Amino acid sequence: GQSESSDLPGRVVIGYQAIPNGQIISKDFGWFEETAGVPVEWVQVNSGSELNTGLAAGSIDIGLSGSSGIAAGIANQVPFDVIWVHDIIGDNEALVVKEDSGITDIQSLAGKKIAVPFGATTHYHLLAALELEGVDPETVQIFDMQPPDALAAWHRGDIDGSFIWEPTLAKMLESGGEVLIYSRKLSENGYLTGDITVARKGFAEKYPDLVVKYIASEIKAVDFYNNDPEAAAEAVSRQFDIPQAEALRQMKSLVLLTGQDQLTSAYMGTSDSIGNLASVLKATADFLVSQNTIKSAPDVDVFKAALHPEYIEQALEQ
Amino acid sequence: MNLLELENISVDFTTKKGTLSAVKDVSLTIGKGDFISIVGPSGCGKSTLLNVIGGFLPPSGGTILQKGKALKGPGRERGIVFQKPALYPWLNVEQNVGFGLKMRGISKGEKQKIVLDNLKRVQLSDFAHMHSYELSGGMQQRVAIARILANDPEILLMDEPFGALDVLTREHLQDELLKIWRETHKTVILITHSVEEAIYLSTSVYVMSELPGRLIKKVETPFSTEYADRDIREVKSLPEFVSLREEVLSYIWS
Amino acid sequence: MNLLELENISVDFTTKKGTLSAVKDVSLTIGKGDFISIVGPSGCGKSTLLNVIGGFLPPSGGTILQKGKALKGPGRERGIVFQKPALYPWLNVEQNVGFGLKMRGISKGEKQKIVLDNLKRVQLSDFAHMHSYELSGGMQQRVAIARILANDPEILLMDEPFGALDVLTREHLQDELLKIWRETHKTVILITHSVEEAIYLSTSVYVMSELPGRLIKKVETPFSTEYADRDIREVKSLPEFVSLREEVLSYIWS
Amino acid sequence: MNKYTKRKLIEFSISTTSVLTIFIVWYVVAEMKIFPEYFIPAPASVWEAFKEIALTGYRGGTLLQHLGDSLFRVISGFILACFIAIPLGMFMGFNWKIKAVFDPIVEFYRPLPPLAYYTILVIWLGIENESKITLLFLAAFPPLSISAMSAVAAVPMERIHTARSLGAGRLQIFTHVIFPSCLPGIFTGMRVSIGFTYTTLVSSEIVAATSGIGWMVLDAGKFLRGDVMFMGIFVMGITGIILDRLIRIAEKIIIPWKGKG
Amino acid sequence: MNKYTKRKLIEFSISTTSVLTIFIVWYVVAEMKIFPEYFIPAPASVWEAFKEIALTGYRGGTLLQHLGDSLFRVISGFILACFIAIPLGMFMGFNWKIKAVFDPIVEFYRPLPPLAYYTILVIWLGIENESKITLLFLAAFPPLSISAMSAVAAVPMERIHTARSLGAGRLQIFTHVIFPSCLPGIFTGMRVSIGFTYTTLVSSEIVAATSGIGWMVLDAGKFLRGDVMFMGIFVMGITGIILDRLIRIAEKIIIPWKGKG
Ligand SMILES: Nc1ncnc2c1ncn2[C@@H]1O[C@H](COP(=O)(O)OP(=O)(O)OP(=O)(O)O)[C@@H](O)[C@H]1O
Ligand SMILES: Nc1ncnc2c1ncn2[C@@H]1O[C@H](COP(=O)(O)OP(=O)(O)OP(=O)(O)O)[C@@H](O)[C@H]1O
Ligand SMILES: [Mg+2]
Ligand SMILES: [Mg+2]
């Protein structure tokens, strides 16, 4: 509920996910609250589609999702602006297979059972890995499973592997698993995945200042992490009720980008020259179309138009 | 104008084995203040006929007029005591008796008075606060009677109301009914298996045939009007009473 | 050894308004082949007493022995006709009557024969395939009677079994009951509101007092045994019959 | 035209109007484009999706295959539950000792969300149909056992007393008196249960399914395919109605005496 | 000690034994460590989690706060449904025209999984309690309306006839005869409904919640905190039992005449 009359909304609703990145650090310290001047409410979202729904309903103002969800959102004209890249997925997502499954490389996945949460970044990466190696996805038995269920199936031996994230990834590795490929490797090959923050169009147009302030708090969080990872992990461990060492381990597997990093051509780019992220998202969307999961993907210009590095630029100026 | 006019009323039921004709070509005219009784063999269609008059069962054939107009559905002016008393288990005796009064929005004080009067009438004053499922069969029947009497309808339709009562209670209620009838000039249609009761109470007794039920005989009886000052036992042992009873019984037995 | 011995049986009910003593200090000895009737005012505890003998209601006080052993719960040897016939709506008339036989695993052919015999006995042969909810009140009562008779119990407990029947059917069933009793030497306990019926059928009539119910009088009657060759109407109009009836009535009225 | 068919006709036209109204509201809302197309797709695109999926299928299965897989799961779970929950519920109503054993267990798991304990089922039963059917079985169970138990408590005592005096044993009373007396309540429970089971279908197809109408809806949801979602929801709604009607028809045939006891 | 208390005692000890057996099986399975600790945690660690979360809370709320939030949602949805579904169901049983209007709608949405249409609710009602309570309301609705409708069909005709001949109008018959006659069926429906509503809680707390016991269980699942999950499941199970008991007690008090009609 934003009041139309004043210059400030009644409150700001921020969607977060259970990912140990800068957002959680800033949430823990209340940095956005300090500057926002309005009440801030944090809600947890679990998937890209949930975030898209919340945005379309007008009940989430700023929120984060994996890049597949964002690509699907842009393709479906969900009214949002891309404002920030939280992290690039590195070693926190990987394709794990059982040591005794006989799988040695991507090629030998044919005929095996692999679990992956459909629609998630790992789903995209699994299909990308298959494509990269020229394996027909039809030959692999791909199951739709959320991480806990995948882990359960793993223990029973119902599946041979899973493209999954932390903390499930670690648990699988502990119990007879080995990594076939990390997401980092696929990102390097052009199949970039990451967690991306968007702002609802209506919100961003009306309260650009708040968006800038939010970005500022994110920038502060990344800097804080880079300066003092231990303290940052401490904050995350408070938020997620997990041990500090575990938080640190998970954070290290992510690639957190500073404000300046984001403005490079590899990612957001600048408002004059939009970065490569647009093409990455376009490629993701095209890929989803080819998998018949979304109907169609628009032109790359639409993706470019969705990227708004100007907020980062303004935040850095301050 | 007659109060109720039944013309060629027939009732058919559809059962698995085809149509069962329960009431056939019954014509009957009932004037205001009449007290008629219907006797007949078990399963001959008496309750069915009463249900038609009550407005619960549309007849398969024939017409039925009330005060000259086609009778449509049940109404408060026709109070009915069913063969099986359908008391409301969630109400106690007092509340069951006061049900109709409550529905009609009678004030609490007046309702209380009427209820107590009628409970006294059926000799259940001591059981006002009991629940229907805590009553004996005869007591339940009496509550059903009190419930209708309390509602003071113009026409009383009663289906074997005293069937489950002992001699003493039965005689008491017969007299109460007569008293009410005489005082208020209600119209009563009574179904009974006791020929004695029929003769003692009514102005005319109808004998119904076996299935399909028709009215095969009408007998006028003078006792309810002309012997009003006499005691019930005295009347019932009068030779003219006994001979009328024998007469009616002979129609049934024939 | 006596078939049934009741000693100081009392039954109390707990109601909202405290304890209600329904049966008090009833002692009664019933020998094999006895036919006893119980008469008494409505709500005096007759059905309650029958429920105790039936084994459905443990008495609050006193002991009850069957063939010298403490009576425990209901049993097939004590067939009971309840005041309200509890027919099974999912069964048709025939199946209702054959219920006990089916439970006892009687062969189909034999069952069929017994059922038809008993339907004939209660004059419902034509209604074998109807459902209980398609029957009149009196017909339902007759099905309940046929159901128990078909089951051929040693002791018959009957609670106003003929209450909803017309004179003719009633007399027919009275005679049928007498015939069965004479032929099979069953023991019968009958609750009735008809003093005439009680005297005509039983070997002894017990008069029960008002609440709390006690047995206040026992009257031996000779008609069921000594007048077996006479017609029912003849017996009922014998002067000795009429005078015995008046005697029992006088106990009730006193 | 007799009274009965006339009434049926009126009934039908009222129901049709009521359904049509909803369609029109939907059409108007979709036309107004207040919400993006993938949340409230136009009727026409839902119809397109239906045609497409009915003919060419969705991700490796035709609509009929998906529906068939789901119905198999739902009906297996439901029938299994009927065979176990109804007798058990009746036993619980009949004998307080049996009730004391099972009541705490059923009462405990009953309010638990399938989503919360599904993982544990997967651990035991794997990712195939076994765990899915078990989940649906568990969903179908409580409405059946509760209705059966309550129905037993409402059986008029006289029916049981009569049976006992006719020489019926405890088991016979159970099967020949209590069971038929409970049928009206049991049928109500079955109607509630089948609906409940159907709503649990999606939860059961959350894990490791690549077929099933519930999975299709979920999967379409993940990729913002509103048309497919709506289509799937329609198919679920209509098959749900059909299942319910089947039970209602069975009820009419089996207990024509309902309310006439 | 009278017969009644004696029976209660036996009942209690049987139930306790039954529950204890399950605990022992759990303990043994956990001890055997067939499954990793995060799937089947030991009773002791669940107890630890309980103590910890009861005292220090889980992600920003104490156990009581989470439970309170959830109960508020469940009870609001349920009570709202009672007030609407029970009268509506009765009207539907009473008047076939009303039934013709609403039956297709209720029957249609009834088998739909909350997970499938929750998105649409969020679009309309946002991510706050409104959409959550509406979802729970929709879950609570069908068992109530179906039970009420079936109960009306089972009311003995004589009761209605008697009332009419006593001068009761249609509305009066409805409130004074049909309604009380239906109470036993309605209570059964309420018991089924509250359980069902509770199982839907997790679905309702899947979207954008940061509090609630259902959310806690889900969230713990993400972090593979089996101890917290089990603890949450226990709390849900036990509060579910309590809600059900409350309805049972109300039933005992309100309709002591059940089965005695
Ligand atoms: N709903 C019904 N369906 C089919 N047949 C019915 C129905 N109701 C009554 N009948 C039949 O109609 C006939 C007349 O029944 P009714 O109840 O009128 O008899 P009655 O004269 O009142 O008998 P009783 O003195 O035993 O009460 C019976 O043969 C009965 O079987
Ligand atoms: N379940 C019960 N709870 C409380 N009181 C009861 C219960 N059953 C019967 N009573 C009371 O016990 C007394 C005797 O009832 P009972 O049914 O034995 O009478 P009855 O002699 O059979 O009468 P009737 O001739 O009217 O059938 C009545 O006053 C009745 O109110
Ligand atoms: Mg009758
Ligand atoms: Mg009695």
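Please read these numbers as outputs of a predicted model, since none were measured by experiment. In what follows, chains are A, B, ... by sequence order, proteins preceding strands, each numbered from 1.
In this structure, C:Ala164 and B:Glu160 approach most closely via the heavy-atom pair CA-OE1, 3.7 Å.
The most heavy-atom pairs under 4.5 Å with chain B, out of C:Cys44, C:Gly138, C:Pro41, C:Gly40, come from C:Pro41. If you tally non-hydrogen atom pairs under 4.5 Å between each of C:Thr169, C:Val167, C:Leu124 and chain B, the highest count goes to C:Val167. Chain C forms more heavy-atom pairs under 4.5 Å with one residue of B:Gly163, B:Ser136, B:Ser194 than with any other, namely B:Ser136.
Residues B:Leu20 and C:Glu134 form no side-chain contact, since every pair of their non-hydrogen atoms from C-beta on lies 4.5 Å or further apart. Side chains of C:Lys16 and B:His131 form a contact here, defined as non-hydrogen atoms less than 4.5 Å apart. A heavy-atom distance below 4.5 Å is found between the side chains of C:Trp253 and B:Arg233. Between C:Thr15 and B:Phe127 there is no side-chain heavy-atom pair separated by less than 4.5 Å. For the pair C:Val39 and B:Asp166, the minimum side-chain heavy-atom distance is 4.5 Å or more.
Both the backbone and the side chain of B:Met139 come within less than 4.5 Å of a heavy atom in chain C. Using a 4.5 Å cut-off between heavy atoms, B:Leu249 touches chain C through its side chain atoms alone. Neither the backbone nor the side chain of B:Arg170 comes within contact range of chain C; no heavy atoms are under 4.5 Å apart. With a threshold of 4.5 angstrom between heavy atoms, B:Gln140 approaches chain C through side-chain atoms but not through N, CA, C or O. Looking at B:Gln141, there are no atoms closer than 4.5 Å to chain C (heavy atoms on both sides), in backbone or side chain. The part of C:Glu171 that comes within reach of chain B is its side chain, from C-beta onward, which places non-hydrogen atoms under 4.5 angstrom from that chain. Within the 4.5 angstrom heavy-atom criterion, atoms from both the backbone and the side chain of B:Ser42 approach chain C.
Heavy atoms of other residues, nucleotides or ligands lying less than 6.0 angstrom from CD of C:Glu210 number 12 at most. A 6.0 Å sphere centred on NZ of C:Lys111 holds more than 12 heavy atoms belonging to other residues, nucleotides or ligands. A 6.0 Å sphere centred on NZ of C:Lys236 holds more than 12 heavy atoms belonging to other residues, nucleotides or ligands.
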